[in-house]
Amino acid sequence: MIFPIFFTFSLLLSSSLASVKDFCIANYKSPEGPAGYSCKKPAKVTVDDFVYSGLGIPGNTTNIFKSAVTPAFAAQFPGVNGLGISFARLDLAVGGVMPLHTHPRGSEILLVAQGTIIAGFISSANNTVYRKTLKKGDIMAIPQGLLHFQVNGDKTPALAFVSFSSPSPGLQILDLALFQNDLPTELIAQTTVLDAAQIKKLKGVLGGTN
Ligand SMILES: *[C@@H]1O[C@H](CO)[C@@H](O)[C@H](O)[C@H]1NC(C)=O
Ligand SMILES: *[C@@H]1O[C@H](CO)[C@@H](O)[C@H](O)[C@H]1NC(C)=O
């Protein structure tokens, strides 16, 4: 029931490749470069390169954030390579959050397919917060590169589908960038003004070291 809606708005997004050739199905035998993957030989392309079935399955929300993102970026979905678009599924269990994160290479449109989601982003100009409680059928635009979040706003699971203006929009989650690597606690304390005990606690929970 939700599929016609999100395919329609996907098609509205711009295409960066169209002026050169019809398509460039990702060839995973070579690495992804700044312009995407190289093209699979046209003779080997089939309709299945343009179809991705992975978003029908709920993501695993058994984690600290009680949420799951299932991407259909160029790395998973060869058909979007070079087209300037991609897609993802977001599952938020009851109490689930998608913590502050950015997509450095793409703007986003979020469509709430089920439940209620509190979504917001923070402007880079003066840190103004733009936030709204979205219900089923609402869509929200998130400008490229800005920090944003989604929180389940009700007592039922929430489901959203997300389109991006890039085949490889990227995903960087702020908490994981801070607390899931080997950046020394002392340096994090200096650069964030958080206290060391809290940093060590979060490193412990999220798998960071040092
Ligand atoms: C979901 O993830 C949890 C934690 O990693 C794991 O224990 C569990 O087996 C996973 N469930 C499924 C259905 O994959
Ligand atoms: C931030 O920028 C917006 C848009 O220009 C403006 O309306 C708002 O007053 C600004 N807020 C602050 C705290 O400067």
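The model shown is predicted, which means the values in this text are computed figures rather than measured ones. Indexing begins at 1, ligand by ligand and atom by atom, following the structure's order. The first residue of the sequence shown is numbered 1, and numbering continues consecutively from there.
Of all heavy-atom pairs spanning Pro157 and Val94, the tightest one is N-CG2, 3.9 Å. When all heavy atoms of Pro167 and Asn81 are compared, the closest pair comes out as CB-CA, 4.3 Å.
Evaluation of the salt bridge (charged side-chain N to carboxylate O under 4.0 Å, His left out) rule for Lys135 yields Asp138 as partners, not counting sequence neighbours.
Under a 3.5 Å cut-off, the side chain of Asn27 and the backbone N or O of Ser38 do not form any donor-acceptor pair.
In this structure, Phe87 has its ring center no closer than 6.0 Å to that of Phe77. Ring centroids of His103 and Phe164 are separated by less than 6.0 Å, placing the two rings close together.
The residues lining ligand 1, counting any heavy atom closer than 4.0 Å, are Asn60, Thr62.
Close approach to Thr128 involves these atoms of ligand 2, each under 4.0 Å from a residue heavy atom: 1 (C), 11 (N).
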